Every structure is written in C-alpha cells, then in structure tokens.
Amino acid sequence: LQSHRDIITIPVYLADSIRLPETVGPLRGTGPYAIPTEDSNVPLLIPQSLPVNPQGLDYVLNYMKDKYGQNALRFMALNAQAKERNLNAFREFLIAPGNRRKQAVLQPEEAEVLVRTQDVLLRLMQEGKDTLWFFILRNSLRPVYLRQRTFDLVVGNPPWLSLRYIRNPDYYQWVRGQILREYRLLESGRPHLFTQMELATLFFARAADLYLKDGGQIAFVMPRSVMVAQQHARFTGMSFKEGGLLQLGLRKLIDLEGVTPLFNVPACVLVAEKGKWPEYPVPGTEHSGDLVVKNRSLAEVQPLLNIEAA
C-alpha cells in the first residue's frame, strides 16, 4: 500500500456479514433474494444477477428511488392510472439495451421480479415509511457480491456477545444451527454451554469460510476468553464443519490483557491461515502498558507499550 500511487477507496457497508440474504425458489439457491420487511408481509425480491453486479445494483436502485419512486408518487396522487403506467415504464427501462450509462440489463422474468418489488416499495413510501428500504437493499446485498470474490486478507473486530443475550428468537435459532450443526463450534456432549458461547467465534469461522481465499489470512480482535474458556475448546482447534471441512491454521496470537485502558474485558488478536494445519508452538506476544486514554493512534501508544514473546 505504501508504494501504491493511485487513490485508494475503502467502501463502508452496514450489513449482516454472516447471515446472507436467502433465496426463494423451488430449489435451494434458485430464485431471487428475499429481503424481509417488518412493515409488510411481502418481502422485497431482488434477481440474483444484480447483487453480483454492484454498479448495476446501485444504478437500478437509484432509479427505483427517484425517477420511478418519489417522482412517480406526485403523479400517482393525482391519477389512479399513474401507478400502472409508472410500473410499465419501469419494466421497459429494465429490459432496454444497455449502453455506457446503463449499467444493468435484466431478462424479462427478472424485470417482473423487480417490478413487483417496486410495487411494494411504492406502497411503503405512500404509507410514509420513507426511502430507508433502498439503503437497506444496497447494504444487505453487498455480502453476496463480496462472497463471490474472496480475499487474501480479512481483518475485523466482530461483535462480542454471549449468545444468551440475543433477543431475536429467529436470529437466535439461526445462530444455534450455525454453531452446533454447520460449524461444529461446540462439542456435542456439552449443549448446556451453548448460551455461554461467544458470538465472535462464529464470526471468525464464518468470515473465513465465506470471504477468505485458500491460503489467505484472517486477523480478528477477539475476547481473550475464547482461548481459555471450556466452551470454546472446539474453536481453538480451528477445525470446523463436519469432517474438518474448514481448516484454519493458527499462525499468531497477540495477548492484550495487560494493556489498559482498552476494552471492558481482556482482549487478544488471532491470526489464522485458511486451508492450513496448525503449527505448534504458535508464535505469540504479550503486550502491556498504560495508554492513559482510549482511542489513540499507533504512533502515540508505541512508546507506552512493552512487548514480550509469549
């Protein structure tokens, strides 16, 4: 990066990176993606070709929000037939040939899916639900595109939350299935420890599974308890899924317990390599020092830190 001379842009998306949108269709993985709405029993459907074309998705959503959305509402308030004419015009726009400006062309069956979604969005806008749904659609579908690419390096600070604090029953059951059945993060003979599991462990395993290339590295800031608590014994083995289908080799451990002030609980950094077996002993360092205040730059804290080999 230090030798890179062009502009570097880092996009920021607000999305659930571990629970991707589900498809609806006769077979698993077929049909459009469905984004549920709390204000409607009808989900927002997006054809599969759009999320993997992020420029095209943004282009279409902007037209859905403005020209065929807010602008159309003015005419719909005056003319009962305006809504149908607007949806027909939107349909023709979607299937029209592309050019340098038009970054997405849909097949007729895909266009019909998006027309139905626009119909739902217009109703929500008429009910005063504003245009937040376009922001939700743009962000919630980004992980689908990122999963298609995969990366050499994934870094992050995942949510630190004991599973007993998940309030949404549907999300709780989904997380439970991922931990117990999909990634095998808890030993089968210890289901009573499930509520004490740390959500960050699922983020670590699933982020590596979805977004990391074979041979790529993942580095996450984690609660230090994931390395010592008995409910995380399977996690520290770094062998996930049935038969160890997802294997991560722990490459480095940074112990931050001695650094204050930092987080409300002791922390560490775990670095692992996808598709590799662990090599013991794992290199590690222990960091300690008084930072005086939080949120300081690396240059400011380096003179205050004592770093020793673990």
Side-chain angles (χ1 to χ4, degrees), residues 13-25 27-38 41 43-44 51 136 139-144 146-147 150 154 156-212 218-248 250 263-268 270 272 274-275 278:
Y13 306 114
L14 300 177
D16 188 338
S17 59
I18 64 170
R19 190 179 189 183
L20 277 60
E22 298 179 354
T23 57
V24 291
L27 299 174
R28 185 176 182 181
T30 66
Y33 291 103
I35 309 299
T37 64
E38 296 180 358
N41 292 325
L44 303 177
I136 293 174
N139 281 269
S140 62
L141 291 165
R142 278 299 188 261
V144 175
L146 297 176
R147 184 186 184 186
T150 65
V154 174
N157 181 6
W160 298 7
L161 182 71
S162 293
L163 301 186
R164 61 182 177 274
Y165 295 119
I166 298 178
R167 300 304 183 195
N168 185 303
D170 174 68
Y171 201 79
Y172 179 88
Q173 290 302 323
W174 181 83
V175 168
R176 182 181 177 86
Q178 293 292 303
I179 285 179
L180 297 181
R181 295 187 294 276
E182 180 68 14
Y183 289 96
R184 312 293 179 95
L185 286 167
L186 185 63
E187 295 176 1
S188 58
R190 295 183 171 183
H192 59 287
L193 295 177
F194 173 77
T195 58
Q196 302 175 42
M197 290 285 294
E198 173 59 59
L199 184 60
T201 60
L202 176 59
F203 266 82
F204 192 97
R206 188 153 172 80
D209 188 23
L210 294 178
Y211 307 114
L212 199 60
I218 180 170
F220 271 19
V221 181
M222 303 283 284
R224 190 176 183 274
S225 61
V226 303
M227 297 302 296
V228 295
Q230 60 176 333
Q231 64 266 28
H232 298 128
R234 288 289 293 270
F235 172 75
T236 56
M238 294 284 159
S239 182
F240 310 118
K241 293 193 169 186
E242 184 176 2
L245 187 61
L246 174 61
Q247 186 68 47
L248 299 177
L250 193 59
F263 301 105
N264 294 330
V265 298
C268 68
L270 302 183
K274 186 175 182 180

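A quick note: this is a predicted structure, and the numbers were derived from the prediction, not measured. All values below were derived from every heavy atom in this structure, side-chain atoms included, with hydrogens, water molecules and symmetry-related copies excluded.
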query: Closest approach of Asn139 and Ala15, non-hydrogen atoms and distance?
result: O-CB, 3.1 Å

query: Does Met238 offer a backbone N or O that forms a donor-acceptor pair with the side chain of Gln247 under 3.5 Å?
result: yes

Beyond-backbone contact of Leu250 with Met227, side-chain heavy atoms, under 4.5 angstrom: yes

message: Quick check for you: to the nearest 0.5 Å, what is the distance between Thr195 atom OG1 and Ile166 atom CD1?
response: 10.5 Å

- request: State, yes or no, whether a side-chain contact exists between Tyr211 and Thr150 at a heavy-atom distance under 4.5 Å.
  value: no

message: So, taking the atom named CG in Leu14 and the one named CZ in Arg142, what distance separates them when rounded to the nearest 0.5 Å?
response: 12.0 Å

message: With a 3.5 Å distance limit and no angle check, can you tell me whether Arg206 reaches the backbone of Ile18 through a side-chain donor-acceptor pair?
response: yes

task: Quick one: pull up CG in Leu270 and OG1 in Thr236 and give me the separation to the nearest 0.5 Å.
output: 10.0 Å

query: Between Asp16 and Ser140, is any pair of side-chain heavy atoms under 4.5 Å apart?
result: no

field: pair Ile136-Leu44: side-chain heavy atoms closer than 4.5 Å
entry: no

- prompt: Nearest heavy-atom pair of Ala208 and Lys274: which atoms, and what distance?
  reply: O-NZ, 3.0 Å

query: Under 4.5 Å between any side-chain heavy atoms of Glu182 and Lys241, yes or no?
result: yes

task: Rounded to the nearest 0.5 Å, what's the gap from CD on Glu198 to CG on Leu163? Could you check?
output: 7.5 Å

query: To the nearest 0.5 Å, how far apart are CG in Asp209 and CG in Leu248?
result: 9.0 Å

message: Would Arg176 pass as a cation-pi partner of Phe194, given that its NZ or CZ must be under 6.0 Å from the six-membered ring centre and within 45 degrees of the axis?
response: yes

message: Below 30° counts as parallel, above 60° as perpendicular, anything between as tilted: where do the rings of Tyr171 and Trp174 land?
response: tilted

query: If you round to the nearest 0.5 Å, how far is CG of Leu246 from OG of Ser239?
result: 8.0 Å

- request: Please examine the side chains of Pro159 and Phe203, heavy atoms only from C-beta on, and report whether any two atoms are closer than 4.5 Å.
  value: yes

task: Measure up the Trp160 and Phe263 rings against each other and bin them: parallel (under 30°), tilted (30 to 60°), perpendicular (over 60°).
output: tilted

- prompt: Looking at Arg164 and Arg167, what are the two nearest heavy atoms and their distance?
  reply: O-NH1, 4.0 Å

message: Are His232 and Met197 packed together at the side-chain level, in the sense that at least one heavy-atom pair is separated by less than 4.5 angstrom?
response: yes

- line: Nearest heavy-atom approach of Leu202 to Leu185 is CA-CD1, 3.8 Å

Closest contact, heavy atoms only, Val221 versus Pro158: O-CD, 3.3 Å

- prompt: How would you list, by chain and number, every residue that makes a side chain to side chain donor-acceptor pair (under 3.5 Å) with Ser17, sequence neighbours excluded?
  reply: none

